[in-house]
Number of protein chains: 2
Amino acid sequence: MTAARKPYVRLDESLLTDLPPFSKLSAREIREILDQASSRRYDEGVTVFEEGFDAGRFFLLLDGYVRVVRITPEGEQVIALHIPTGQLFGIAKALGHDTYPATAITAAESIVLSWPMHLWDDFVARYDGFATETYKTVGTRMKDMNNRVVEMATQQVEQRIACAILRLINQTGRKVDGGIEIDFPITRQDLSEMTGTTLHTVSRMLSAWEKQGLVSSARKRITVLKAHELVLLTGARG
Amino acid sequence: MTAARKPYVRLDESLLTDLPPFSKLSAREIREILDQASSRRYDEGVTVFEEGFDAGRFFLLLDGYVRVVRITPEGEQVIALHIPTGQLFGIAKALGHDTYPATAITAAESIVLSWPMHLWDDFVARYDGFATETYKTVGTRMKDMNNRVVEMATQQVEQRIACAILRLINQTGRKVDGGIEIDFPITRQDLSEMTGTTLHTVSRMLSAWEKQGLVSSARKRITVLKAHELVLLTGARG
DNA sequence: GGAATCTCTTGATCTAAATCAAATACCGTG
DNA sequence: CACGGTATTTGATTTAGATCAAGAGATTCC
């Protein structure tokens with residue numbers, strides 16, 4: 001698990017300079033950080049780390065997409081959140097855990113950097129802005145989760161699915177002709193695991209929306225054609 | 001809002017020495033911290049701070065109970081979490097927010113200390129262990145919320161209510177003859193807002209459990225008589 | 001290129017829990 | 001202690017969405 005390989009080529013400083021946790025750092029500092037990193041490419045659907053296991057490393061998603069999931073005793077899977085490109089993940093130490101609290105699986109082919117967890121305290125102490133920016137990310141994720149709890153408690157399935165899709169296109173939308181496409185493969189099943197419903201209901205919903213011209217979808221692909229109308233469905237005021 | 005008054009009597013150091021964020025500090029440091037604090041008593045059901053408002057202060061619950069809630073555009077209320085005695089709350093700065101992300105309301109008569117938010121960075125920098133312990137709390141809350149998302153997505157109402165009650169008695173249970181009582185007033189409505197259901201369903205559930213001798217309840221009071229059997233209801237394995 | 005495997009769609013049925021509707025119990029207070 | 005406001009209980013009805021069931025396309029793999 002969480003195997004780490006040394007890079008074949010030297011990683012370039014420019015990879016990190018624009019990412020919030022590193023934005024205040026000098027080229028020398030970034031060099032330092034990169035020299036301690038391992039990089040690895042993952043195929044789609046590969047586990048990066050698993051819930052409950054010793055949190056030996058922390059990660060940065062350089063490219064691709066990662067899904068954070070939890071699995072119930074009954075074997076049902078729930079998708080807790082998606083990590084967009086450029087963010088840290090598996091940062092158990094930052095929250096006082098010593099095992100990973102959830103499982104991370106690539107949702108598309110991905111490039112991941114990682115460092116041994118014992119460097120965490122170093123990074124926090126040594127690098128200006130690293131902690132602050134990291135906790136900002138944590139804060140955002142917490143807010144998102146909070147919103148999900150509220151949604152699950154108060155909204156109907158249709159609204160929840162609309163919210164989930166909008167969240168995805170905001171985070172990962174890729175402009176295509178006449179719409180915005182979620183730029184990694186996503187199944188009806190996935191969407192149901194994000195919204196606490198079944199693949200059947202998601203399928204029906206998407207079919208209905210497709211008839212109304214709101215979205216267009218194919219196998220593992222969803223394109224939103226009329227984002228604004230989807231927003232209306234979520235019941236947002238204003 | 002969030003009015004703060006100077007204490008009438010000098011606060012005693014012993015108030016903080018046992019609380020995790022302060023446990024590593026010397027008496028002198030704790031004195032320093034207390035001297036900058038304002039303390040205030042709140043009646044039950046009073047708003048301590050409100051979602052969206054400027055996060056001017058951060059808080060420590062010295063005694064009593066605080067509920068963190070969010071209110072939907074439609075006016076529905078969702079209880080995100082309960083703050084147990086001894087914990088920090090309203091720590092927006094720690095997560096990079098500058099407004100409070102939710103509303104805090106006392107669930108019982110409470111005593112609250114507070115400090116101006118601009119001291120936050122000082123505290124983190126100056127006091128050993130303060131940041132670490134605080135983020136541990138954040139981590140725990142995050143884990144809890146995560147669990148709630150999983151519950152809401154996969155469990156039936158009966159299980160969710162059982163979980164919510166068990167969580168409450170774990171955090172705040174007070175031993176009474178033959179059982180454990182939730183030691184602040186809690187209505188069926190409150191429980192429904194914690195589990196995303198209706199007060200009617202909660203009432204029916206509690207009635208049924210009462211018939212089976214699992215719980216005993218009165219107006220705003222719930223006592224768990226057979227905790228273990230409630231645990232079984234949640235569907236926990238093992 | 002055909003078999004096996006995923007993924008998606010759609011109809012029919014069922015059910016948990018919401019909603020609707022009243023009645024009842026409880027509590028503080030003037 | 002009677003009154004008004006809050007909580008709670010319980011029955012009847014409705015419904016959103018799960019479950020059951022079956023097929024049809026895609027994709028991958030021999």
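Excluded from the calculations below are hydrogen atoms, water molecules and symmetry mates; all remaining heavy atoms, backbone and side chain alike, are included. Chain naming here is simple, since letters A, B, ... match the order of the sequence lines and numbering starts at 1 in each.
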- Using a strict cut-off of less than 4.0 Å between a Lys/Arg side-chain nitrogen and an Asp/Glu carboxylate oxygen, indicate whether Glu151(B) and Arg160(B) qualify as a salt bridge. no
- Query: Should Arg67(A) and Gln77(A) be marked as a side-chain hydrogen bond (donor to acceptor under 3.5 Å, both in side chains) after you check the CA-CA gap, both sets of side-chain angles, and the distance that decides it?
  - Reply: CA-CA 11 Å; Arg67(A) 230 190 280 278; Gln77(A) 189 171 298; over 6 Å; no
- Message: Tell me the interatomic distance from Glu76(A), atom CD, to dA18(D), atom C1', rounded to whole angstroms.
- Response: 12 Å
- Message: How many whole angstroms separate atom CD of Glu74(B) from atom C1' of dA18(C)?
- Response: 16 Å
- First locate atom CG of Leu61(B), then atom CD1 of Ile83(B), and finally report the distance between them rounded to the nearest 0.5 Å. 7.5 Å
- Message: Output the rounded distance in Å from CD (Gln156(A)) to P (dA16(C)).
- Response: 19 Å
- Note on the structure: Its contact letters, B for base, S for sugar-phosphate only and - for none at protein heavy atoms under 4.0 Å, make nucleotides 6-15 of chain D read BSBBBBB---
- Item | End axis versus end axis in the helix from dG1(C)-dC30(D) to dG30(C)-dC1(D), the angle rounded to 10°, five pairs used at each terminus | 40°
- Under 4.5 Å between any side-chain heavy atoms of Pro101(B) and Met142(A), yes or no? no
- So, the side chain of Gln159(B) versus the backbone of Gln156(B): is there a donor-acceptor pair under 3.5 Å, distance only? yes
- CD of Glu158(B) versus C1' of dT15(C): gap in Å, rounded? 15 Å
- Message: Less than 4.0 angstrom between a side-chain N/O of Thr197(B) and OP1 or OP2 of dA18(C), yes or no?
- Response: yes
- Message: Any salt bridge linking Lys175(A) with Asp177(A)? Criterion: basic side-chain nitrogen under 4.0 Å from a carboxylate oxygen.
- Response: no
- Query: Can you tell me how far P of dA16(C) sits from CD of Gln159(B), to the nearest Å?
  - Reply: 12 Å
- Message: Does the Lys NZ or Arg CZ of Arg40(B) fall within the cation-pi geometry relative to Tyr42(B) - under 6.0 Å from the ring centre and within 45° of the axis?
- Response: yes
- Message: Tell me the interatomic distance from Glu193(A), atom CD, to dC8(C), atom P, rounded to whole angstroms.
- Response: 12 Å
- Are side-chain heavy atoms of Thr187(B) and Leu199(B) found at a separation under 4.5 Å? no
- Which class fits the ring pair Phe59(B) and Tyr100(B): parallel under 30°, tilted 30 to 60°, perpendicular over 60°? tilted
- Ile161(B) has an atom CD1; how far is it from atom P of dA16(C), in whole Å? 14 Å
